[in-house]
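This is a predicted model, so every value here is computed, not measured. Note on naming: letters A, B, ... go to the chains in the order of the sequence lines (proteins, then strands), and numbering restarts at 1 for each one.
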Amino acid sequence: MKNNLYIYNALNRKKEKFEPINPPFVGMYVCGPTVYGDSHLGHARPAITFDLVFRYLKHLGYKVRYVRNITDVGHLVNDADEGEDKIAKKAKLEQVEPMEIVQKYTNSYHKNMEQLNTLRPSIEPHASAHIIEQAEMAKKILENGFAYEVNGSVYFDVAKYSKKYNYGKLSGRILDDLQSNTRELEGQSEKKNPFDFALWKKAMPEHIMRWPSEWSIGFPGWHLECSVMSTKYLGDKFDIHGGGLDLQFPHHECEIAQSKAANGYDSVKYWMHNNLITLDGQKMSKSLGNFIMLDEMFSGDHELLEQAYSPQVVKFFMLQAHYRNPLDFSNKALKAAQKGLERLMNGISALDKIKPAKNSSFDVNIIKNKSYEALNDDLNTPILIAHLFDGIKKINSVIAGTETINENDLSELKALYNIMFFEILGLTNDSESSSSNGKLDDVMNLLLNLRTDAKKNKDFETSDKIRDKLNEIGITVKDKKDGFEWEIKQL
RNA sequence: GGUCACGUAGCCAAGUGGUUAGGCAGCGGUCUGCAAAACCGUCUACAGCGGUUCGAAUCCGCUCGUGACCUCCA
């Protein structure tokens, strides 16, 4: 399996050639959501980023197993090791079973991800279904001497681990700095050091999500689930581990430590992180309360939104920035993305109207090669999209008569847009379904033919009235030399 | 306070030693009954100050500004 793909590996902080451990197989694990609430804009970014990775690797011919977990236990509200479980807290609030919460928000996550046209992962494991494996891993770390038990809880001994391995190598942190900078929080007295983290927590009486173990009736620590589920389904060593940049420390750092402490090696070859979405320059976060739900984006029902933005617009907006750079949300930028996407889609539909000439006045292969170059350079979608726009300009020029294209190049170009736009970027033309309504077509043809008659009779008052009223309804009419075109406006 | 990023035209956003990124908006033109769409043209920037270099937005230093992580978050 040949490829020329370079991806940025957070472990070494540079772009590296992508060479899977066992080609043609590729294993990719991505940290999924903790399902205790509806998905917000921030959830869309890793989903879109790693969907792109998934799609491109498949396009290159790899057999990709994409595992993305559902966190439904062990993720606590306040501190990693103290406080209420997020799921349990929400369950209490909504007066339902914890697993009802899990199901409800898993469903809503799936719905949003489908709207964004991201592919389902190959396996979507739940943390709560892997309690035994998590306890086993904790035991292994304990046996290897990198953890200690206190009052039924098991903690990872970071200081001891650091003597043998490098804790902080992923996030570039130095233990001494952590030591002097970690805040002292209440209830951490059990731990030898404040930066130690829980592998197993004894459940307090009010804690309803609990399982038996040899140490206590309790629940696993948050970081353990990803170490366990990734290797269970992808093998001891696998290719790509992804997630949001905010998870780099401590979550991913702890995963590395757990793997090394248990097995003596890091399981992951390439660590990839998508950067975050900001709102007015600030990260969206629960504590600041400045986050927008995906449902609100799609409906426009939020005080910060000037209009609704379709899932495709939101996706395109994100793909126009590189995944490793922060992206600031604004109505202005979203609207620009919407216009740009329309231009791109109109151009792609226009491909079908082109009549091929004998010769081509431009080189389709250049666009094609540059598109692949962009993807191979750490999935540089902004560059890819720029080249796609260049192609659209050529397409429009052919229609305008200033460029020509031959039959062979035309089918090459069509294939290219199918691959890049639909298959790899995973964008869709969501107006297509509505325009394939036969009866509506008939009605529109009737109406617009009447308008054409009015125009012939120089009755522009009537023709403009039809066009303006249709526009109000949400249908754009475009006059052509030899007739007319109409389309249902997208949000 | 510690660690790490970033600062690119009106807005968004790539690039990262020499060559037009791209999109949106604006302006002028072509087309059109008028629009819309499209095409052609135009506007052409790299926070500031020093340094390295034949050459720097790109490398180095300092200054200013913004943000992230260090605590749950994608």
Checklist entry - Hey, does the side-chain of R467(A) have a donor or acceptor N/O within less than 3.5 Å of a partner on the base of A36(B)? => result no
Checklist entry - K339(A) near the nucleic acid: base, sugar-phosphate alone, or nothing, with a heavy-atom cut-off under 4.0 Å? => result sugar-phosphate
Checklist entry - Is the F421(A)-Y417(A) ring centre distance short of 6.0 angstrom? => result no
Checklist outcome for this item: RNA chain B nearest-nucleotide lookup for K370(A) and D464(A): closer to the 5′ end is K370(A)
Next on the checklist: Reading 5' to 3' and counting Watson-Crick or G-U wobble pairs with both distances under 3.5 Å, write the dot-bracket notation for RNA chain B, | for bases paired outside the strand.
Outcome noted: (((((((..(((.....[...))).(((((.......)))))....(((((..]....))))))))))))....
Next on the checklist: Any base atoms under 4.0 Å from T49(A), or only sugar-phosphate, or nothing? Heavy atoms, all strands.
Outcome noted: nothing
Checklist outcome for this item: In B/S/- notation (B base, S sugar-phosphate only, - none; protein heavy atoms under 4.0 Å), nucleotides 12-19 of chain B written 5' to 3' is SSSS----
Next on the checklist: When the P atoms of A47(B) and U16(B) are compared, how many Å lie between them, rounded to an integer?
Outcome noted: 16 Å
Item to check | Within 45° cone and under 6.0 Å: R68(A) NZ/CZ vs Y29(A) ring | outcome: no
Item to check | Nearest-nucleotide comparison on RNA chain B, the residue closer to the 5′ end among C31(A) and D479(A) | outcome: D479(A)
Checklist entry - Is there a side-chain contact between I385(A) and F316(A), using heavy atoms and a 4.5 Å cut-off? => result yes
Item to check | Interatomic distance at C1', U71(B) relative to G51(B), whole Å | outcome: 41 Å
Next on the checklist: Within the 4.0 Å heavy-atom criterion, would you say G42(A) contacts the bases, only the backbone, or no part of the nucleic acid?
Outcome noted: base
Item to check | Residue-phosphate contact under 4.0 Å: R451(A) side-chain N/O, C34(B) OP1/OP2 | outcome: no
Next on the checklist: Could you tell me how far U63(B) sits from G29(B) if I compare only their C1' atoms? Round to whole Å.
Outcome noted: 47 Å
Checklist entry - Got a sec? Which of residues 388-403 of chain A come in under 4.0 Å of RNA chain B, heavy atoms? => result F389(A), D390(A), K393(A), N396(A), S397(A)
